[in-house]
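A quick note: this is a predicted structure, and the numbers were derived from the prediction, not measured.
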Amino acid sequence: MKPASQSYKLEQLCGVNRYSCLVETSGGYALFQPDLVPDNGTRVLVNAFGQLQFAVVMGGALITEDGESIEGDGLDEVEVMGVITFFINGAAAFTDDNPVM
């Protein structure tokens with residue numbers, strides 16, 4: 001007899017709660033929690049200078065994906081939207097540019 005396959009829900013796998021939010025990325029989605037307090041080394045979603053971008057909290061600064069540091073007075077222009085808890089890759093992220101037949 002074949003064992004019954006277990007199905008999982010996003011709530012179980014990613015700890016989704018009523019505060020959880022999704023934002024679309026180039027490769028899928030990012031799940032973030034606006035109710036969590038960012039800690040040193042935490043990846044966050046920020047609204048900086050009119051753009052949504054990901055950054056890492058490093059002491060009193062934010063380091064963006066392109067390596068830029070936002071600190072001091074520059075932080076006045078930044079709104080932390082929430083702590084990133086998961087990245088969910090879309091199926092397109094697993095395409096192969098060199099398929100073998």
Is it the case that the side chains of Q53 and N47 hold a donor-acceptor pair, with the cut-off being a distance below 3.5 Å and no angle test? no
Heavy-atom donor-acceptor pair, T85 side chain to L31 backbone, under 3.5 Å = yes
For this session: Report yes or no: does Q12 contribute a side-chain atom to a donor-acceptor pair with the main-chain N or O of K9 at less than 3.5 Å?
Result: yes
**Message:** Looking at Y19, I want to see if its OH is surrounded by more than 12 non-hydrogen atoms of other residues, nucleotides or ligands under 6.0 Å.
**Reply:**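 No, OH of Y19 has 12 or fewer neighbouring heavy atoms, counting only those of other groups under 6.0 Å.
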More than 12 non-hydrogen atoms from neighbouring residues, nucleotides or ligands closer than 6.0 Å to CG on N40, yes or no?
yes
* **Student check: side-chain heavy atoms of L52 and M81 closer than 4.5 Å** =>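 A side-chain contact under 4.5 Å exists here.
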Note, N17 side chain near D35 side chain (heavy atom, < 4.5 Å) = yes
Residues passing the ring pair (Phe, Tyr, Trp, His ring centres under 6.0 Å) test with F86, sequence neighbours excluded, are none
Query raised in the report: Out of curiosity, does V57 fall in the hydrophobic cluster containing V83 (side-chain heavy atoms, cut-off under 4.5 Å, transitive links)?
Result: yes
Hydrophobic cluster identity match, I70 and M58, side-chain contacts under 4.5 Å:
no
Please confirm whether the ring centroid of F32 lies under 6.0 Å from the ring centroid of F54.
no
Return the [atom1] to [atom2] distance between [X] and [Y], rounded to the nearest 0.5 Å.
X   : Y   : atom1 : atom2 : answer
F49 : E68 : CZ    : CD    : 10.0 Å
I88 : T25 : CD1   : OG1   : 9.5 Å
L45 : Q33 : CG    : CD    : 12.0 Å
I84 : L36 : CD1   : CG    : 10.5 Å

Quick check: closest heavy atoms across [X] and [Y], and the distance to 0.1 Å?
X   : Y   : value
Y29 : E24 : CD2-CA, 3.8 Å
T42 : D39 : OG1-O, 2.7 Å
V16 : S20 : CA-OG, 3.4 Å
L75 : G60 : CD1-O, 3.3 Å

Side chain to side chain donor-acceptor pair (under 3.5 Å) partners of E77, counting only residues at least two apart
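Counting only residues at least two positions away or on another chain, E77 forms no side chain to side chain donor-acceptor pair (under 3.5 Å).
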**Prompt:** After noting the C-alpha distance and the side-chain angles of L62 and V56, does the key distance pass the side-chain contact (heavy atoms from CB on, under 4.5 Å) rule?
**Reply:** CA-CA 6 Å; L62 293 171; V56 176; over 6 Å; no
